[in-house]
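What follows is a single structure, written as structure tokens, with notes after it.
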Amino acid sequence: MLSKRIVVCLDVRDGKTTKGVKFKDNIEVGDPVEMAEKYYHEGADEIVFYDITASAEHRSIMIDVVRRTAERIFIPFSVGGGIRNVEDMREVLLAGAEKVSVNTAAVLNPKIIYDGAKAFGSQCIVLGMDVKRVERSSKIPSGYEVWIKGGREPMGIDAVAWAKEAENLGAGEIVLNSIDADGTKEGYELTITQMMAEAVKIPVVASGGGGHPEHLYDVLTKAKADAALIASMVHFGMYTIKEIKEYLAKRGVKVRLKW
Amino acid sequence: MIGIIDYQAGNLTSVARALDYLGFKWIISSDPEVLFSCERIVFPGVGAAGSAMKSLQRLELDVFLKERFQEGIPLLGICLGTQIILEESMEDEGTKTLGLIPGRVYRFPDPLLYGEERLKVPHMGWNKVSWVKDHPVIANLDPEFEYYFVHSYYPVIESKLVLGMTFYGINFSSALAYKNLIAFQFHPEKSGRPGLEILKNFGKWVP
């Protein structure tokens, strides 16, 4: 049977891995290529790079990170941040990424999802979403609003409605980041994760808030996520991927234990 | 030299990078004349069967593959490549494929159920393979290893051709072997160390 995936997220700024709390106060934690390789050997099922500067002049640095990573790790990895069009996608995929993730660009121009899926296949196109809890309203019935530009700008769009639209346009997977939970290590946002996992037929990767293996257990079982993204938990040496997976397996979650 | 067949079906560089890592020499080409001198052939692919078959025919790679198979050159199929060596795929309203070995390709049923749970299609992520017989290319692999899959269609073949089975709501053939041909529905180039082991074994295999 298919395993639940543990995805390690590396935020990359100017070619270095960083980690912030609630999208702010980033500190440097290491070299992204070396870290990706370390997590590959330690049993990560997938790696995600988010280019959090993503200014045009730094794109070549990220492409170089992707290329060097692809020479050293042989599991899928994806790249997000600063992807504005099909050409940006092509560049990242040819450099060796398995998937490319769009977030702000897709909200501003949803057609990028359709174009990307048509050019490279849905399995390559990930929709990244940053959401924040708000009052339920007719405009935002789920009570979760989509924000763009790294959590800086609210869009007045309902998170679940946007996920469904992206699925129809050809997105192959959704990475759901909770701005409220990000970096808190207090657990994933179970409510919106479950709503989303039940609303779409494509895999949902829960992101933001993972601090204890129990948080992963909750989001992968109760909230029905297909995968869970982790960062601080492993970056700061609190847990190894093996420890997290063994905890999950003990509680009956199917995970990949041998690699 | 290992020839990687390029028929405009997805990104082939990941296979090439894995072969590089293992120290094998490779060439990616869509030209049968260039590929002719290769001692072994990798036939990868991601995408839809219909357009892939059209590209193969246009590039005369269909004939090339049949001839190499008959000559006993080691052939490795991956993902869509594994489906295309069979006779027919239900994808794109029925596509006649290469027919190197008997078999057909079906879409996962809709809904695909596992108990109460409705499974997502494509089957994407890590899953196990139960090897049903021995083969030099899969020698010494721990049965607990998992492999990376991304697909919505799966092969149905005679049981004597089956090398490994995988469960995802249904049991399907995820590996097959016949004479100088071996093929996997999963991606060895993205399956970590166990996948690299398979590629390394293929690079040395003498059928």
Side-chain angles (χ1 to χ4, degrees), chain A residues 1-7 39-46 66-77 89-90 92-100 118-124 126 167 172-174 197-198 200-205 221 224 226-227 245 249 254-259, chain B residues 9-22 45-48 51 79-80 110-112 114-115 117-128 141-152 166-171 186-199:
Chain A
M1 195 52 199
L2 192 64
S3 290
K4 296 280 188 181
R5 282 173 285 151
I6 309 301
V7 181
Y39 291 132
Y40 160 63
H41 288 296
E42 290 178 356
D45 297 316
E46 216 165 300
V66 173
R67 196 171 290 124
R68 287 188 292 129
T69 303
E71 287 167 4
R72 286 151 77 165
I73 79 168
F74 299 95
I75 55 171
F77 70 94
M89 292 179 174
R90 190 188 312 276
V92 162
L93 294 171
L94 282 178
E98 163 82 3
K99 306 173 189 177
V100 60
K118 212 173 152 206
F120 312 112
S122 285
Q123 81 285 344
C124 291
V126 180
E167 178 182 31
E173 183 165 77
I174 289 172
E198 288 173 350
V200 298
K201 291 181 188 158
I202 52 180
V204 172
V205 184
T221 57
K224 302 180 183 174
D226 297 280
K245 285 188 166 185
K254 167 83 172 67
V255 287
R256 184 174 67 113
L257 287 171
K258 283 242 169 174
W259 50 83
Chain B
N11 185 359
L12 309 176
T13 53
S14 56
V15 176
R17 265 186 287 258
L19 294 176
D20 254 350
Y21 184 83
L22 294 166
V46 171
S51 56
C79 196
L80 181 63
D110 184 20
L112 179 61
Y114 177 55
E117 189 188 350
R118 184 173 177 161
L119 299 177
K120 291 175 174 172
V121 174
H123 172 221
M124 183 169 82
W126 298 84
N127 207 333
K128 284 181 191 170
L141 293 174
D142 189 315
E144 292 300 308
F145 281 157
E146 299 187 27
Y147 304 87
Y148 189 76
F149 290 83
V150 188
H151 62 122
S152 302
T166 293
F167 180 75
Y168 187 58
I170 55 170
N171 262 307
F186 58 84
H187 289 270
E189 76 280 14
K190 286 172 197 144
S191 296
R193 197 166 54 86
L196 293 176
E197 198 62 31
I198 287 175
L199 292 174

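Proteins come first, then strands; the chains are lettered A, B, ... in the order of their sequence lines, and each starts at number 1.
Side chain of A:K258 to backbone of B:F145: no donor-acceptor contact under 3.5 angstrom is found. One N or O on the side chain of B:W126 and one on the backbone of A:D45 form a donor-acceptor pair closer than 3.5 Å.
Contact annotation: the side chain of B:H187 never approaches that of A:E98 to less than 4.5 Å [non-hydrogen atoms, C-beta and beyond]. Inter-residue side-chain proximity for B:P122 and A:Q123 is flagged as unmet; no heavy-atom pair is nearer than 4.5 Å. Inter-residue side-chain proximity for A:L2 and B:H123 is flagged as met; some heavy-atom pair is nearer than 4.5 Å. Between B:L119 and A:M1 there is a side-chain heavy-atom pair separated by less than 4.5 Å.
Contacts of A:A227 with chain B are absent, with no heavy-atom separation under 4.5 Å from either backbone or side chain. If you measure heavy-atom distances from B:E189 to chain A, the contacts under 4.5 Å come from the backbone alone. For a residue to count as touching a neighbouring chain, one of its non-hydrogen atoms must lie under 4.5 Å from one of that chain's; by this rule B:F149 does not touch chain A. Only the side chain of B:T13 comes within contact range of chain A, with at least one heavy atom under 4.5 Å from a heavy atom of that chain. For a residue to count as touching a neighbouring chain, one of its non-hydrogen atoms must lie under 4.5 Å from one of that chain's; by this rule B:D142 touches chain A with the side chain only.
With rounding to the nearest 0.5 angstrom, the CZ atom of B:R118 is 13.0 Å from the NZ atom of A:K224. Considering OH of B:Y148 and CZ of A:R5, their distance stands at 5.5 Å, rounded to 0.5 Å.
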